[in-house]
Amino acid sequence: MKANHLFLFTNDLRVDDNPALLNAIKSCDTLVCVYCLDPILFSPGHYSHQPIAAPRWQFLKESITALASALSQLGQQLLIHFESPKDTIPKMITEYDITAVYRSLQVGWNEQAYWQTLKRSYPYITFEEYASNTLWSLNELPFSLEDLPDIFSQFRKQVEKRTILTPYDRPAQLPKTPLHKREWSSHLPNVQNSPSQFKGGETAGYLHLHQYFASSAPSIYKETRNALDQWEHSTKFSPWLAQGCISVKRIYETLRAYEKVKGANDSTYWIFFELLWREYFQWYALKHGAKLFHFKGIKSRKPLTSFYPQRFKSWCEGTTAFPLVNACMKQLRATGYMSNRGRQIAASCLINELEIDWRYGADWFEQHLIDYDAASNWGNWQYLAGVGADPRGLRRFNIDKQTQTYDPQLVFIKRWQGNTHMLPTHQVDAADWPIE
């Protein structure tokens, strides 16, 4: 019997250091490579009326296109389906007589749910997934998933000294494809390309990785990482990490090589520290499943917030009473990116000053961020809302103090026009009636 394998690309849009792909090509006669662009991305979100924003879709489409080109150079073809994987994979199983399906481990609740459904529906087919987007696989962690620490510091202390395995090399060739050449780009939604410092794809991601570590920026990262706007003041790895265009292990490997040449210090450690935060949220999402999206979070603690339509609209459009928040939100809408510090300030404002359900903010970020990652985005929003992994509970930022610290000359606010079209917070009440 022929071994016909299907590999489902998800958030691992690369050929380098992709253990799931490497396992898929073992002992197979033919290989079908498929990527499913779920139409739900182009529908309104659960908490807003926005589909995926143009900058995020532009980066994603560039990443898909780059992957298709990389596979073509290895004699393969990327089949793009504009539908959900749970609908596509059954068709592929029948059409190509698939005997095994592979993918990288997905930590999202929905992604796990459809995978388990497929496994139950096709018990005679092998379904395998491998950790391709984390520093460790689950069996390399010093605890079971159920025993994942409730707070990050406990997790960090247990893992930061553990060995991280060397990344895998790119395969020299891939098995043949049974596909006839197909044109897929015309079936995808249009995107109006805009100038961006971020270009999607594996080649662009690794180019940025090498350029960053060829500079002196890693040695001063801890001092500059809270800057609101400057390109060189943070690593900017997150968009390529979110789509899996670059491997987190490859980043770690490059970081260690930099330290051997330039020396290790608090700043280079802090880059690793941030990778550990990302790692923690991946396993956090897998452990807690649907609770990642619950109003009460993982603590079953109900925040004292509600929903005020005009306040939320003002936050989204950057017309609140807080110029720094407005500048951050306008930057996000224009570029699909916001600094880590900006995200914390904007989130704190939504939750504490505007008293709005944190899930509306998380959903808005989901639609707009080019580096959207479900685990990191929703995990961080839970953290700020006091219903997640933070042992201190609700986090509240003094926006005036943040402005004085990070934008004392109002350069960022002026650049993004954060002090124009400002509206008072209490313009309307919960029923949307104007307050007299």
Side-chain angles (χ1 to χ4, degrees), residues 7 9-22 33 35 37 52 55-74 76 78 80 103-106 131-135 164 166-171 191 193-215 217-218 221 225 230-258 268 271-272 274-275 277-279 281-282 335-340 369-377:
F7 187 77
F9 280 97
T10 52
N11 58 342
D12 57 346
L13 304 182
R14 67 181 188 276
V15 179
D16 176 62
D17 188 34
N18 194 328
L21 178 61
L22 292 177
C33 294
Y35 179 84
L37 183 67
I52 182 173
R56 183 184 168 198
W57 171 220
Q58 177 177 321
F59 186 86
L60 175 56
K61 190 173 183 180
E62 289 171 350
S63 300
I64 299 168
T65 303
L67 174 64
S69 177
L71 292 175
S72 178
Q73 293 172 21
L74 293 171
Q76 258 291 337
L78 183 63
I80 308 294
R103 72 170 185 180
S104 293
L105 174 66
Q106 299 295 289
S132 301
N133 294 312
T134 50
L135 293 168
I164 296 173
T166 303
Y168 293 97
D169 292 331
R170 302 169 67 90
V191 60
N193 290 332
S194 301
S196 175
Q197 290 180 288
F198 297 98
K199 180 175 178 58
E202 183 176 1
T203 299
Y206 281 116
L207 175 62
H208 172 68
L209 174 68
H210 295 309
Q211 287 177 339
Y212 179 77
F213 282 109
S215 73
Y221 170 75
R225 67 189 180 91
Q230 290 83 350
W231 175 265
E232 69 279 4
H233 285 176
S234 64
T235 68
K236 302 296 191 300
F237 297 148
S238 58
W240 291 284
L241 271 175
Q243 297 303 333
C245 298
I246 56 176
S247 154
V248 65
K249 286 186 179 180
R250 197 65 78 185
I251 292 176
Y252 174 79
E253 177 187 62
T254 310
L255 170 63
R256 291 302 183 226
Y258 176 93
T268 58
I271 295 174
F272 178 52
E274 298 289 3
L275 293 178
W277 257 116
R278 176 187 177 276
E279 185 83 6
F281 277 131
Q282 300 304 305
T335 69
Y337 187 80
M338 189 193 298
S339 70
N340 179 63
L369 286 171
I370 61 172
D371 63 0
Y372 171 72
D373 169 87
S376 294
N377 181 64

Is any side-chain heavy atom of [Y] closer than 4.5 Å to one of [X]?
X    : Y    : answer
N18  : F7   : yes
I246 : D17  : no
R170 : R14  : no
S215 : E232 : no
Y337 : L369 : no

Pairwise distance [atom1]([X]) to [atom2]([Y]) - rounded to 0.5 angstrom:
X    : Y    : atom1 : atom2 : value
S247 : Y168 : OG    : OH    : 11.0 Å
Y252 : L135 : OH    : CG    : 8.0 Å
R103 : T10  : CZ    : OG1   : 7.0 Å
L67  : I64  : CG    : CD1   : 8.5 Å
S69  : L78  : OG    : CG    : 11.0 Å

Distance-only polar pair, side chains of N11 and N133, donor-acceptor under 3.5 Å: yes
Donor-acceptor pair between Y206 and D16 side chains, under 3.5 angstrom: yes
Which atom pair, heavy atoms only, marks the closest approach of [X] to [Y]?
X    : Y    : result
V15  : P171 : CG1-CD, 3.4 Å
P167 : E253 : CD-OE2, 3.7 Å
E274 : Y221 : CG-OH, 3.4 Å
S132 : S104 : OG-OG, 2.9 Å

Test: R256 cationic atom under 6.0 Å from F272 six-membered ring centre, within 45° of axis: yes
Qualifying side chain to side chain donor-acceptor pair (under 3.5 Å) pairs with a residue from residues 234-246, counting only residues at least two apart or across chains: S234-K236, S238-D371
CA sep, side-chain torsions, deciding dist, call: L21, F9, side chain to side chain contact (heavy atoms under 4.5 Å, CB included): CA-CA 9 Å; L21 178 61; F9 280 97; 4.3 Å; yes
Keeping the roles fixed (side chain from [X], backbone from [Y]), state whether a donor-acceptor pair exists under 3.5 Å.
X    : Y    : answer
T65  : K61  : yes
Q76  : L71  : no
Q282 : T134 : no
R278 : F281 : no
S63  : G201 : yes
D373 : A242 : no

Geometric class of the H208/Y212 ring pair [parallel <30°, tilted 30-60°, perpendicular >60°]: tilted
E202/R250 ion pair, N-O < 4.0 Å: no
Proximity of F198 and W231 rings by center, below 6.0 Å: yes
Pairing residues for Y35 by the ring-ring contact (aromatic ring centres under 6.0 Å, His included) criterion, not counting sequence neighbours: none
Worked check of side chain to side chain contact (heavy atoms under 4.5 Å, CB included) between K249 and I164: CA-CA 8 Å; K249 286 186 179 180; I164 296 173; 4.2 Å; yes
